[in-house]
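Being a predicted model, the structure only gives us computed values, none of them experimental. One is the number of the first residue; the rest follow in order along the sequence.
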Amino acid sequence: MNWNKLTLASQLEEIRTISQEKPVLIFKHSTRCSISNMSLDRVLRNWKDEDRDKVIPYYLDLISYRSLSDRIEEEFGIPHESPQVLVIKKGQATYHQSHFGISYPEIMANL
């Protein structure tokens, strides 16, 4: 899977713009959390190359960029959790899920 790394607050405006044309997936991952590792693995195992035509994936390393997760909470109105996925469409968070609720088929169904 070819993630776009989310490392700068300025990328949130880019995500809003991109999401006007194509949904954006943000995966917020804690590298220190076993639940986060399992959730990420489930997403990676299910990802197909052709899914890139349906959604643009962004990856946020919460250990390195925790304050950026706070900005996501402010920008999109979704309380921080870890792990967490958000789908952004037309500049708005239209779907979010965390922990064991992260389901690849459900993510794709909500694009």
Side-chain angles (χ1 to χ4, degrees):
M1 186 169 184
N2 191 17
W3 294 101
N4 296 294
K5 292 186 179 176
L6 186 50
T7 59
L8 302 169
S10 61
Q11 288 176 284
L12 298 179
E13 188 57 39
E14 173 185 308
I15 287 171
R16 281 190 188 274
T17 301
I18 291 169
S19 75
Q20 298 297 323
E21 301 296 322
K22 186 185 286 189
V24 173
L25 169 69
I26 298 174
F27 190 100
K28 295 168 38 176
H29 176 56
S30 172
T31 56
R32 297 180 187 158
C33 173
S34 61
I35 294 171
S36 192
N37 285 322
M38 286 187 301
S39 297
L40 178 61
D41 183 60
R42 283 198 322 258
V43 169
L44 293 174
R45 281 186 287 119
N46 285 283
W47 179 262
K48 298 168 196 60
D49 287 337
E50 59 269 17
D51 290 341
R52 184 95 173 149
D53 296 333
K54 301 173 191 167
V55 64
I56 299 177
Y58 280 79
Y59 170 91
L60 174 61
D61 177 343
L62 289 171
I63 302 304
S64 298
Y65 302 99
R66 175 61 174 88
S67 63
L68 192 48
S69 180
D70 294 336
R71 282 292 299 273
I72 291 170
E73 181 174 351
E74 291 170 22
E75 292 281 327
F76 298 107
I78 304 298
H80 165 80
E81 295 194 59
S82 170
Q84 186 175 44
V85 296
L86 292 90
V87 172
I88 311 300
K89 292 194 296 192
K90 305 287 186 202
Q92 303 293 316
T94 58
Y95 171 82
H96 64 95
Q97 196 55 259
S98 66
H99 296 83
F100 293 116
I102 296 172
S103 160
Y104 192 76
E106 192 173 302
I107 292 167
M108 297 309 285
N110 281 280
L111 296 179

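- Put simply, CD on Q11 and OG1 on T17 are 12.5 Å apart, with the number rounded to the nearest 0.5 Å.
- The environment of CD in E50 is crowded: more than 12 heavy-atom neighbours from other residues, nucleotides or ligands sit within 6.0 Å.
- Note on F100: it does not cluster hydrophobically with Y104, by side-chain heavy-atom contacts below 4.5 Å among ILVMFWY residues.
- At a threshold of 4.5 Å between non-hydrogen side-chain atoms, the residues Y95 and L111 do not count as touching.
- By the ring-ring contact (aromatic ring centres under 6.0 Å, His included) test, Y65 pairs with no residue at all, sequence neighbours left out.
- Minimum heavy-atom separation, K54 to K22: O-CG, 3.7 Å.
- Put simply, the side chain of R16 gets close to the backbone of E75: a donor and an acceptor are under 3.5 Å apart.
- The environment of CG in D41 is crowded: more than 12 heavy-atom neighbours from other residues, nucleotides or ligands sit within 6.0 Å.
- Pairing each heavy atom of S36 with each of F27, the nearest pair is O-CZ, 4.2 Å.
- The only member of L86, L25, I88, I18 that meets side chain to side chain contact (heavy atoms under 4.5 Å, CB included) when paired with Y58 is I18.
- Heavy-atom contacts from other residues, nucleotides or ligands closer than 6.0 Å to NZ of K48 number more than 12.
- For the atom pair CG of L6 and NE2 of H29, the computed distance is 14.0 Å after rounding to the nearest 0.5 Å.
- Rounding to the nearest 0.5 angstrom, the gap separating the CD atom in Q84 from the CD1 atom in I78 is 7.5 Å.
- Smallest separation of non-hydrogen atoms from P83 and S98: O-CB, 3.1 Å.
- Partners of S69 according to the side-chain contact (heavy atoms from CB on, under 4.5 Å) rule, which considers only residues two or more places apart in sequence or in another chain, are K28, L60, L62, R66, H80.
- Using a 4.5 Å cut-off on side-chain heavy atoms (C-beta onward), R52 and P57 make contact.
- Taking NE2 of H99 as the start and SG of C33 as the end, the distance is 6.0 Å to the nearest 0.5 Å.
- Side-chain contact check for V87 versus V55: every heavy-atom pair is 4.5 Å or farther apart.
- Under the 30°/60° scheme for interplanar angles, the aromatic rings of Y59 and W3 are found to be tilted.
- Among all heavy-atom pairs drawn from G91 and Q20, the shortest one is N-NE2, 3.4 Å.
- V43 and I56 fall into different hydrophobic clusters, where Ile, Leu, Val, Met, Phe, Trp and Tyr are joined by side-chain heavy atoms under 4.5 Å apart, directly or via other members.
- Distance check, rounded to the nearest 0.5 Å: CZ of R42 to OG of S103 gives 7.5 Å.
- Of all the heavy atoms in I102 and V85, the pair that sits closest is CG2-CG1, 4.0 Å.
- Side-chain contact check for T94 versus N110: every heavy-atom pair is 4.5 Å or farther apart.
- Looking at I107 and N46, their side chains never come closer than 4.5 Å, going by heavy atoms from C-beta outward.
- Rounded to the nearest 0.5 Å, atoms CG (D61) and OG1 (T7) are 10.5 Å apart.
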